[in-house]
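One structure below.
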Amino acid sequence: MLRVRFAPSPTGFLHIGSARTFIFNWLYARHNQGAMILRIDDTDVDRNSQASLDSIFEGLRWLDLPWDEQYRQSDRVDLHRQMAWRIFEKGLAYRDFTPATTQGGEGTWLFNPGMRELSPEESRRRADAGEPFVLRFRVAHDDPNPVKFHDAVYGEQSKLPADIEDFALLRSNGIPTYHMASCADDIDLRISHIIRGQDHLTNTFKHGLIFEAAGAAPPQFAHLPLLIAPDGSKLSKRKHGPVVSVTTYRDYGFLTQAFINFLCLLGWSPKDDREKMSRQELVDAFSFEGINRSNAVVNFTEQEPFDPKAVWLNAEFIRTLPLAELAGLLSPFVPAKFDKLEQIAPLIQERIKLLSDAATVADFFFLDELPPYDPEELIPQKGDPAMAITALKRALEILATADFNHQALDAGLRAGAQDLKIKPGQMFQPIRVAVCGRKNAPPLFETLEVLGRDVCLKRIAQAIQKL
RNA sequence: GGCGCUAUCGUCUAACGGUUAGGACGGAGCCCUCUCAAGGCUUUAAUACGGGUUCGAUUCCCGUUAGCGCUACCA
């Protein structure tokens with residue numbers, strides 16, 4: 001059975017690049033009726049935090065793409081160690097007693113001098129004496145045959161052993177490194193396909209060596225191009241702020257489906273001209289052939305914190321939402337009861353791009369007192385304050401008695417404009433500003449209807465005072 | 001520095017040797033219209049550079065340049 005895994009490490013919030021990796025794994029699993037495994041790669045005890053673990057689960061839960069199995073690497077350390085020592089026993093790893101502080105530096109580093117050729121006896125003796133060591137893989141640097149693997153996205157890959165350093169398997173504190181833990185788990189969990197970021201492409205040579213040393217057949221690999229910032233650098237919270245965190249998208253009112261859709265279009269294409277796709281369409285269309293090889297820019301700026309395409313997709317999905325569903329989704333963003341929201345929803349559905357826009361675009365529905373506005377805005381096009389006052393006074397009379405439904409209001413106010421010998425637009429604008437506190441608002445009659453007679457009369461009266 | 005990967009409109013991408021280099025977002029304009037949206041139409045803009053191979057290169061090969069990744073007892 002096909003088995004894929006998503007293996008985040010809890011050293012930070014859930015990054016949108018990680019989210020895309022998760023989504024691609026999920027799509028691949030679903031497309032092939034395989035299993036999706038979530039594995040928390042928490043081998044770096046110093047950098048792990050509960051906060052990031054929470055953030056990861058929070059983000060994944062919002063994505064609403066359920067996984068089938070779940071593991072945590074820290075529960076499986078014994079397994080990783082055993083596999084490391086089995087590699088050691090085969091002579092494919094050795095103890096390196098070089099203190100950590102003396103390492104690093106310029107140029108190519110392959111191994112620490114003197115440690116590869118320590119005799120088994122001496123190595124054992126020093127270890128028994130309590131001297132700390134790391135367990136290193138013994139790469140066959142003199143082997144002229146390249147290490148090879150096939151990547152489903154990047155094709156045939158090969159690298160000379162002479163260019164691969166003796167990487168660590170076990171740290172001096174006994175905790176397995178990422179390479180060791182990851183491979184041991186991939187073997188033990190029978191992972192058939194590893195789909196991950198391209199930053200692991202060159203690590204894969206090391207992993208190939210581990211699989212071979214452990215006597216396991218390597219899985220299939222598919223590396224994904226990275227998501228980068230407009231300046232070409234990698235996305236980081238420190239440099240680019242909250243836009244790189246999944247929960248930020250949720251908090252600003254992205255729909256899960258729009259967010260997933262957007263991420264899928266970064267580095268992958270269905271190869272036809274489809275852009276807006278449902279989850280099922282994505283599952284059906286997803287394949288490694290559609291994955292690109294070059295990094296994709298998430299196009300945000302300081303003024304526009306979200307990629308315009310993500311925003312556009314979100315607006316598209318909002319427009320297709322059933323009104324009751326939209327009203328429900330809106331409720332965390334605005335102070336209004338559900339039945340009021342159901343009335344408002346149709347008026348703002350095609351006027352908001354993010355759910356959070358409702359709070360600003362439709363504020364006048366929720367506020368008791370309108371925020372201050374410029375009385376000049378009450379004056380109609382090619383009109384003067386006197387015209388505004390006349391129009392508003394007439395509106396007051398009409399609204400005092402009219403039926404409060406939009407057909408009646410439409411007819412009544414148009415008739416009023418005709419009586420006053422002004423254009424309908426000149427009649428409507430003062431009313432709109434009086435009632436909404438702004439020039440740009442949803443259609444007038446529906447808005448009046450939702451606001452109700454009392455509020456409308458009160459606000460128009462207040463507007464007349466301002467003139 | 002070494003090794004690896006990548007390079008089509010501003011951005012996301014399509015074109016797997018032959019196209020007026022297509023679509024989408026964004027921008028601009030027009031139409032519709034009680035404002036704003038939405039919708040419709042039009043428009044804007046690209047094969048990084050230099051060599052090959054070929055009747056013919058966005059596409060294949062080499063080089064240059066640029067970007068990214070790995071080069072840790074991070075993942």
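Here is the naming used below: chain letters follow the sequence lines, and residue numbers restart at 1 for every chain. Below, all heavy atoms of this structure are taken into account, side chains as well, without hydrogens, waters or symmetry copies.
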Could you check whether [X] gets within reach of a base, just the sugar-phosphate, or nothing at all, counting any heavy atom under 4.0 Å?
| X | result |
| --- | --- |
| A:Lys423 | nothing |
| A:Pro308 | sugar-phosphate |
| A:Pro442 | base |
| A:Gln349 | nothing |
| A:Phe445 | base |
| A:His200 | base |

Candidates [options] - which lies nearest the side chain of [X]:
| X | options | value |
| --- | --- | --- |
| A:Thr202 | B:A37, B:C70, B:C73 | B:C70 |
| A:Leu201 | B:C73, B:G4, B:G1 | B:G4 |
| A:Ser9 | B:A75, B:U35, B:A38 | B:A75 |
| A:Arg432 | B:U35, B:G1, B:C3 | B:U35 |

- Query: Closer than 4.0 Å, any side-chain N/O of A:Arg274 to the OP1 or OP2 of B:G23?
  - Reply: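 Answer is no, no contact under 4.0 Å.
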- Using a cut-off of strictly less than 4.0 Å, decide whether A:Thr108 has a side-chain nitrogen or oxygen near OP1 or OP2 of B:C3.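 So the side-chain polar atoms of A:Thr108 never come under 4.0 Å of the phosphate oxygens OP1 or OP2 of B:C3.
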- Message: Tell me whether A:Asp199 is salt-bridged to A:Lys234, with the criterion being a basic N under 4.0 Å from an acidic carboxylate O.
- Response: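 Looking at A:Lys234 together with A:Asp199, the answer is no, because their closest N to O distance does not fall below 4.0 Å.
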Under 3.5 Å, which protein N or O atoms sit close to an N or O of nucleotides 11-13 of chain B? Give each pair with its distance.
unit_1, atom_1, unit_2, atom_2, d
B:U11, O4', A:Asn299, ND2, 3.3
B:C12, OP1, A:Val297, N, 2.9
B:C12, O2', A:Leu265, O, 2.5
B:C12, O2, A:Lys309, NZ, 3.3
B:U13, OP1, A:Gly267, N, 2.3

Pair partner, [N] [Watson-Crick or wobble, under 3.5 Å]:
| N | result |
| --- | --- |
| B:C16 | none |
| B:C60 | B:G52 |
| B:A66 | B:U6 |
| B:A28 | B:U42 |
| B:G1 | B:U71 |

- Item | For A:Arg274, side-chain contact (heavy atoms from CB on, under 4.5 Å) partners two or more places apart |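 Checked A:Arg274 against side-chain contact (heavy atoms from CB on, under 4.5 Å); matches are A:Pro270, A:Asp272, A:Met277, A:Glu281, A:Ala285.
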- Message: Expressed as a whole number of angstroms, how long is the span from A:Ile175:CD1 to B:A72:C1'?
- Response: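 After rounding, the gap between these two atoms is 16 Å.
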- Value in whole Å for how far the P atom of B:G69 lies from CG of A:Leu224: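 So the CG-P distance, A:Leu224 to B:G69, works out to 16 Å.
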- With A:Phe259, the ring-ring contact (aromatic ring centres under 6.0 Å, His included) member among A:Phe306, A:Tyr249, A:Tyr252, A:Phe22: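 The residue from A:Phe306, A:Tyr249, A:Tyr252, A:Phe22 that satisfies ring-ring contact (aromatic ring centres under 6.0 Å, His included) with A:Phe259 turns out to be A:Tyr249.
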- Below 3.5 Å, does any donor atom in the side chain of A:Arg351 face an acceptor in the base of B:C36, or the other way round?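 Side chain to base: pair present.
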- 5′-ward residue of the pair A:Asp199/A:Glu316 relative to RNA chain B: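 Counting from the 5' end, the first nearest nucleotide belongs to A:Glu316.
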Would you mind writing out the side-chain donor-acceptor pairs for residues 201-211 of chain A within the sub-3.5 Å range, not counting sequence neighbours?
unit_1, atom_1, unit_2, atom_2, d
A:Asn203, ND2, A:His200, ND1, 3.2
A:Thr204, OG1, A:Arg196, NH1, 3.1
A:Thr204, OG1, A:His200, O, 2.8
A:Thr204, OG1, A:Leu201, O, 3.2
A:Thr204, OG1, A:His223, NE2, 3.1
A:Lys206, NZ, A:Glu165, OE2, 2.8
A:His207, ND1, A:Arg196, NH2, 3.0
A:His207, NE2, A:His179, ND1, 2.8

- Examine the side chains of A:Gln70 and A:Trp67 and answer whether a donor and an acceptor come within less than 3.5 Å of each other.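 Yes.
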